[in-house]
Amino acid sequence: MLIRSKPDILPSEITPRDVYQRRREFLQAAGVLTAAASLSVASIVAGPRVARAGAKLPNVRKSAFSVAEEQTPYKDVTTYNNYYEFGTDKDEPAENAHTLKTRPWTVAVEGEVKKPKTFDIDELLKLAPLEERVYRMRCVEGWSMVIPWVGYPLSELIKRVEPTGKAKYVEFITLADPQQMPGITMPVLKWPYTEGLRMDEAQHPLTILCLGLYGEALPNQNGAPVRVVIPWKYGFKNGKSVVKIRFTERQPQTTWNIAQPREYGFYSNVNPEVDHPRWSQAKERRIGEFGKRPTLMFNGYAGQVAALYAGMDLKKNF
Ligand SMILES: Nc1nc2c(c(=O)[nH]1)N[C@H]1C(S)=C(S)[C@@H](COP(=O)(O)O)O[C@H]1N2
Ligand SMILES: [Mo]
């Protein structure tokens, strides 16, 4: 995500990765990297390899909602992150998020519900069968990944708290603890980071409460221990390290909309026809690939979600 004081952050953020990828591809093409040498050269170029610390999640079943595209390597998924509470550079969350304490952890579900309840994280892990959901993810900055998330439909949680007739929206409030999160001391965003969905979006079967990736508990930098994932919307809608879920009658405020209302709307559906005021959204760079590919309407999920927006002007409701 971009802040006004750093208007050129987009190309400068993407460039170091391009350099790394190109160099690696070049070395491979030139035959310089044998299977054995490739690891060590890659780690010199890219820094130390990431330890896989996440506990394996039990009984994860496959889901028909997964896409069959090539998955972004674990290393990229866990070292190229946006998590401003741990710093605004892509590599900072992986470096800094070890200070996040993910136990004990609770998620308070409140507002327009008949059965408000505070869920313990270990209860959430067992609330519904865990599924692997391989989703395309698209950041508003112009890059994308394919990530095998683990979770279950958010609707599983929603139905247990029984929303009232007044519930029209769901607000997600994430952790904001300066003791654990060095980035909170920087006034780059209004903390806590909050996001929101309309009820029908929140109940859509693609929307998941996410507890892991690559078959393991979520790494801290990816939003441990629990986040939301909504694959047809820009990355910033996918709030990390959620501590509160509130059902509301009025459309909730969202962090990026507060920061830059002209640039980040409430809906934030991936839409190649609505440019960001400062750059085109027509194409994206899949992390690990050369060149760019066209961005698809609703990130390729139009068949499943377009009906949610029938009759809406998506240029106005961006
Ligand atoms: N709490 C919180 N959630 C957040 C963010 C953040 O800075 N803080 N960044 C968002 C943005 S801009 C993106 S692209 C995704 C990145 O998720 P990933 O690092 O797991 O790929 O997280 C989103 N959720
Ligand atoms: Mo993003």
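Model, not experiment: these values are computed from the prediction. Counting starts at 1 for both ligands and their atoms, in listed order.
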*On the 0 to 90° scale, with breaks at 30° and 60°, tag the Trp279-His276 ring pair as parallel, tilted or perpendicular.*
parallel
*Hey, what's the ring geometry for Tyr309 with Tyr267, parallel, tilted or perpendicular (30° and 60° as the breaks)?*
perpendicular
Could you say whether the N/O atoms of [X] and ligand 1 ever approach to under 3.5 Å?
{"X": "Glu85", "value": "yes"}
{"X": "Tyr84", "value": "yes"}
{"X": "Trp149", "value": "no"}
{"X": "Lys240", "value": "yes"}
{"X": "Arg227", "value": "yes"}

*asked:* Return the OG1 to NZ distance between Thr254 and Lys237, rounded to the nearest 0.5 Å.
replied: 5.0 Å
_Asn238, portion touching ligand 1 at heavy-atom distance under 4.0 Å_ = backbone
*Side chain, backbone, both or neither: which part of Phe236 has a heavy atom under 4.0 Å from ligand 1?*
both
Side-chain donor-acceptor contacts of residues 147-158 below 3.5 Å, not counting sequence neighbours, with atom names and distances?
| from | atom 1 | to | atom 2 | distance (Å) |
| --- | --- | --- | --- | --- |
| Tyr152 | OH | Leu124 | O | 2.5 |
| Glu156 | OE1 | Lys159 | NZ | 3.2 |
| Glu156 | OE1 | Arg160 | NH1 | 3.1 |

*Please say whether more than 12 non-hydrogen atoms of neighbouring residues, nucleotides or ligands are located less than 6.0 Å from CZ in Arg250.*
no
*asked:* Nearest non-hydrogen contact with atom 6 (C) of ligand 1 belongs to which option: Tyr193, Trp256, Tyr234?
replied: Tyr193
*Between Lys117 and Phe119, is NZ or CZ placed under 6.0 angstrom from the six-membered ring centre and within 45° of the ring axis?*
yes
*Any chance the side chains of Arg136 and Ser144 put a donor and an acceptor closer than 3.5 Å?*
no
*For ligand 1, which atoms have a heavy atom of Cys139 less than 4.0 angstrom away?*
14 (S)
